[in-house]
Amino acid sequence: MKLVILDRDGTINLDSDQYIKSPEEWTPLPGALEAIARLNHAGWHTVIASNQSGLGRGLFDVAALNAMHAKMHKMLAAHGGRIDAVFYCPHAADEHCQCRKPLPGLFEQIGDRFGVDLKGVPVVGDGLRDLQAGVLVGCEPHLVLTGKGQALRGRPLPPEFPAGTRVHDDLGAFADYLIARPAAAKLAA
């Protein structure tokens with residue numbers, strides 16, 4: 001199974017320090033939905049792993065989160081794309097759960113749900129903890145320079161990022177890279 005694990009806020013949609021709390025606030029980043037559709041059309045299954053501490057903080061409820069995801073699914077479908085599953089941590093940081101990134105709980109759930117070893121599965125996010133969580137289960141780290149990642153544009157990657165982290169301008173650039181990679185490997189063989 002060709003699987004990609006994506007962060008949500010700052011990777012697929014605009015992020016906010018005040019949290020994304022409603023479907024009206026959920027706005028896709030330019031080209032992100034098209035990138036997911038291109039991945040799907042190339043045979044990749046896409047899954048989201050997202051911290052949603054706004055739930056634990058009482059800023060929005062599960063109905064609002066479901067409405068945000070319904071909007072995302074509908075907009076993706078209009079581009080011929082899909083997200084196969086959304087995994088989220090509903091806890092605030094002070095709850096010390098195992099599913100809040102940078103801990104690997106969400107990724108372990110994904111591996112269990114799909115019955116796959118996550119070694120080498122690309123994880124894409126806009127921040128350090130997205131990649132740290134994935135690397136703990138063997139994922140291949142990819143940073144996008146959108147959302148929190150914008151602060152790293154034109155700068156070297158800080159040393160705390162996992163070794164081998166690949167950097168892409170946005171989700172579209174990542175999709176182009178991943179789709180082209182098998183063709184490049186076949187040409188080299």
How many angstroms lie between atom [atom1] of [X] and atom [atom2] of [Y], to the nearest 0.5 angstrom?
X      : Y      : atom1 : atom2 : answer
Met1   : His45  : CE    : NE2   : 4.0 Å
Glu160 : Arg129 : CD    : CZ    : 13.5 Å
Asn51  : Cys99  : CG    : SG    : 8.0 Å
Arg38  : Leu178 : CZ    : CG    : 11.0 Å
Asp117 : Leu3   : CG    : CG    : 11.0 Å
Leu131 : Phe161 : CG    : CZ    : 6.0 Å

Grab the two heavy atoms, one from [X] and one from [Y], that are nearest each other, plus how far apart they are.
X      : Y      : result
Pro102 : Gln132 : CB-OE1, 3.4 Å
Ala85  : Phe114 : CB-CZ, 4.1 Å
Pro162 : Leu128 : CD-CD1, 4.1 Å

Side chain proximity check, [X] to [Y], heavy atoms < 4.5 angstrom:
X      : Y      : answer
Val4   : Val47  : no
Leu118 : Ile5   : yes
Ile36  : Trp44  : no
Val116 : Val121 : no
Ser50  : Leu6   : no
Val86  : His73  : yes
Leu106 : Gln98  : no
Gln52  : Phe60  : yes

Listed partners of Glu95 passing salt bridge (Lys or Arg N to Asp or Glu O under 4.0 Å), at least two apart: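 Testing Glu95 for salt bridge (Lys or Arg N to Asp or Glu O under 4.0 Å), a comparison that skips the adjacent residues, returns none.
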With Leu39 as reference, evaluate Thr46, Val124, Asp176 under the side-chain contact (heavy atoms from CB on, under 4.5 Å) test and give the passing residue.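 With Leu39 as partner, Thr46, Val124, Asp176 yield a single side-chain contact (heavy atoms from CB on, under 4.5 Å), made by Thr46.
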Option from Leu136, Val135, Val137 for which side-chain contact (heavy atoms from CB on, under 4.5 Å) with Cys139 holds: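 One option only clears the test, and that one is Val137.
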Among Lys101, Lys148, Arg100, which residue satisfies the salt bridge (Lys or Arg N to Asp or Glu O under 4.0 Å) criterion with Asp130? Lys101
Any residue meeting side-chain contact (heavy atoms from CB on, under 4.5 Å) with [X], in chain and number order, not counting sequence neighbours:
X      : answer
Glu25  : Ile20, Lys21, Ser22
Glu140 : Pro122, His142, Arg166, Arg181
Leu14  : Thr27, Leu29

Are [Y] and [X] linked, directly or through intermediate hydrophobic residues, by side-chain heavy-atom contacts shorter than 4.5 Å (ILVMFWY only)?
X      : Y      : value
Val123 : Leu145 : yes
Tyr177 : Val167 : no
Leu33  : Ile179 : yes
Leu76  : Val144 : yes
Val62  : Ile83  : yes

Do [X] side-chain atoms and [Y] backbone N/O form a donor-acceptor pair below 3.5 Å?
X      : Y      : result
His41  : Gly80  : yes
Asp170 : Gly172 : yes
Arg153 : Asp169 : yes

Pairwise ring pair (Phe, Tyr, Trp, His ring centres under 6.0 Å) hits with a residue in residues 85-110, at least two apart: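 For residues 85-110: none.
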Check the pair Cys97, Cys89 against side chain to side chain contact (heavy atoms under 4.5 Å, CB included), reporting the backbone distance first and the verdict last. CA-CA 9 Å; Cys97 64; Cys89 169; 3.6 Å; yes
Just to verify, what does Asp61 make a side-chain hydrogen bond (donor to acceptor under 3.5 Å, both in side chains) with, not counting sequence neighbours? none
For the pair Arg8 and Asp15, find out whether any cationic side-chain nitrogen is under 4.0 Å from an anionic carboxylate oxygen.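 Judged by the 4.0 Å cut-off on N to carboxylate O distance, Arg8 and Asp15 do not form a salt bridge.
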Classify the ring geometry of Phe174 against His168: parallel below 30°, tilted from 30° to 60°, perpendicular beyond 60°. perpendicular
